[in-house]
Amino acid sequence: MKVASWNVNSLNVRMPHLEQWLRAFAPDIVGLQETKLEDHKFPDSTLAALGYRSVFSGQKTYNGVAILSREAPRDVLVGVPGFEHEHRRAISATIGDLRVVNLYVVNGQDVGTDKYELKLAWLAAVRTWLEQEAREHPRLVVLGDFNIAPDERDVHDPAVWNETHILTSAAERAALRDLLALGLHDGYRLLHDEGGVFSWWDYRMAAFRRNLGLRIDLTLVSEALRGQVVAAGIDREPRTWERPSDHAPAWIELGA
DNA sequence: ATGGTGGCCACGCCA
């Protein structure tokens, strides 16, 4: 069972890449972020023809999340309970015996800005909500674009990406630790210790070619799933294709 | 220290 997370940066533009990648990688469950599509424009029939069910919550121009799955999704929840706003950044569903939460975490722009404060407030609301979600669903996967690099192995230049920088700041990393303290584990780090493996590269400065990236796309698993993570990685292939998303799919494989 | 690229949409906002 392969479970993946991919920030597609406009599904309208990236649909050919998504189709190609679904055929090649054959994931069972995928969380998408930055679909940037209103719900009436979501390509659910095209995805159904490829063998995937879709649930989605989108808006024009910004944000937008979806979960694709081979099996039918149940108990779909849109948004973060207790944090009402217009951004479409969260969608959850039960698929088989897994509860899947897909998050597009607020970027935060720069430390100290209003958007940064929004990010921290949003993450605090997510933590409060997931505490309940984890209690109700022992087999929980929380995946998405976290817009936080967990530690220095996850950034190409720790001197720049430090405790005062957006995506790596002390408060952001503390917020991520608070989520992990709910009994969640970074699936990739259960199996890999090395640094220099990234999921996002800026479009500018030939960052991908030079591997100037960050690992900010994560798949967290609950304690009950910890021993079932048999493989994990980031598929750099779609980032090499023409007109790519700036993110690559991050995935884990769950065994029996 | 600044600006580089990309998506959306039609000019600046967001990342």
Side-chain angles (χ1 to χ4, degrees), chain A residues 5-21 31-43 56-66 79-80 83 85-91 102-123 126 143-150 154-169 171-173 175-176 198-218 234 236-250:
Chain A
S5 175
W6 192 8
N7 180 323
V8 292
N9 187 19
S10 171
L11 189 51
N12 200 34
V13 172
R14 228 64 68 193
M15 193 59 185
H17 284 198
L18 179 61
E19 292 189 39
Q20 186 174 346
W21 183 75
L32 302 177
Q33 305 87 34
E34 286 206 88
T35 55
K36 301 184 179 179
L37 281 182
E38 292 175 288
D39 290 347
H40 71 272
K41 293 185 175 175
F42 196 90
F56 40 86
S57 174
Q59 64 189 99
K60 201 194 282 198
T61 310
Y62 304 116
N63 309 313
V65 285
V80 178
F83 197 97
H85 69 157
E86 68 277 15
H87 295 190
R88 299 294 184 240
R89 294 182 176 277
I91 190 167
N102 176 26
L103 304 176
Y104 174 46
V105 174
V106 177
N107 174 284
Q109 191 176 45
D110 275 308
V111 173
T113 62
D114 289 349
K115 293 193 182 77
Y116 181 75
E117 296 306 323
L118 172 69
K119 180 179 198 170
L120 297 177
W122 191 85
L123 284 165
V126 166
L143 55 76
D145 176 358
F146 282 74
N147 269 317
I148 303 171
D154 303 311
V155 307
H156 68 270
D157 186 352
V160 171
W161 298 90
N162 62 25
E163 69 280 355
T164 67
H165 202 286
I166 193 66
L167 310 190
T168 53
S169 73
E172 290 167 88
R173 282 176 165 166
L176 179 58
F198 306 129
S199 65
W200 170 84
W201 302 261
D202 200 299
Y203 283 121
R204 297 163 285 193
M205 301 183 295
F208 180 66
R209 184 178 56 73
R210 301 157 67 200
N211 198 33
L212 306 180
L214 304 177
R215 191 175 69 92
I216 55 178
D217 299 274
L218 310 176
I234 294 166
R236 294 167 54 98
E237 178 77 16
R239 190 64 174 77
T240 70
W241 296 342
E242 193 179 345
R243 203 180 179 192
S245 169
D246 46 350
H247 295 251

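Keep in mind the model is a prediction, meaning the values are calculated, not measured. So you know, we letter chains A, B, ... as the sequences are listed, proteins then strands, and number each from 1.
- Across all strands shown, nothing is found opposite B:dG4 as a Watson-Crick or G-U wobble partner with both distances under 3.5 Å.
- Proximity note for A:Tyr203 (side chain, C-beta onward) versus B:dT5, B:dC8, B:dA15: the nearest is B:dT5.
- With rounding to whole Å, A:Gln59 atom CD is found 12 Å from B:dC14 atom P.
- Atom-to-atom distance recorded for A:Asn63:CG and A:Asp145:CG is 10.5 Å, nearest 0.5 angstrom.
- With C1' as the reference atom, B:dG4 and B:dA15 are 13 Å apart, rounded to whole Å.
- Taking 4.0 angstrom as the limit, A:Ser10 places a side-chain polar atom (N or O) nearer than this to OP1 or OP2 of B:dC8.
- For A:Trp21 and A:Trp241, the distance between ring centers is not under 6.0 angstrom.
- Here the C1' atom of nucleotide B:dT5 and the CZ atom of A:Arg239 are 10 Å apart, to the nearest Å.
- Rounded to whole angstrom, the span from the CG atom of A:Asp246 across to the P atom of B:dG7 amounts to 9 Å.
- Contacts of A:Arg210 with the nucleic acid, taken as non-hydrogen atoms under 4.0 Å apart, are absent.
- Within 4.0 Å of A:Tyr104, counting heavy atoms only, lie sugar-phosphate atoms of the nucleic acid but no base atom.
- Separating the CG atom of A:Asp217 from the P atom of B:dA15 is a distance of 15 Å, rounded to the nearest angstrom.
- When each of A:His87 and A:Asp202 is assigned the nucleotide of DNA chain B bearing its nearest heavy atom, the one mapping closer to the 5' terminus is A:Asp202.
- Side-chain contact check for A:Lys60 versus A:Leu37: every heavy-atom pair is 4.5 Å or farther apart.
- When the C1' atom of B:dG7 is taken as reference, atom NZ of A:Lys41 falls 14 Å away, rounded to whole Å.
- Taking the C1' atom of each, B:dC14 and B:dA10 are spaced 16 Å apart, rounded to whole Å.
- Look at A:Lys115 and you'll find a side-chain N or O under 4.0 angstrom from OP1 or OP2 of B:dC14.
- Atom CZ of A:Arg14 is separated from atom C1' of B:dC8 by 12 Å (rounded to the nearest Å).
- Look at CD1 on A:Ile166: it is 13 Å from C1' on B:dC14, rounded to the nearest Å.
- Closest to the side chain of A:Asn107, from the set B:dG6, B:dG3, B:dA15, is B:dA15.
- Here B:dG3 is the nucleotide among B:dG3, B:dC8, B:dG7 with the atom lying nearest to any side-chain atom of A:Met205.
- Whole-Å rounding puts the A:Leu118 CG to B:dC14 C1' distance at 13 Å.
- Each of A:Arg243 and A:Asn63 lies near DNA chain B, and the nucleotide nearest A:Arg243 is the one positioned closer to the 5' end.
- Within the 4.5 Å cutoff, the side chain of A:Leu123 has heavy atoms near those of the A:Ile148 side chain.
- Classified by interplanar angle (parallel below 30°, tilted 30° to 60°, perpendicular above 60°), the ring pair A:Phe83/A:His85 is perpendicular.
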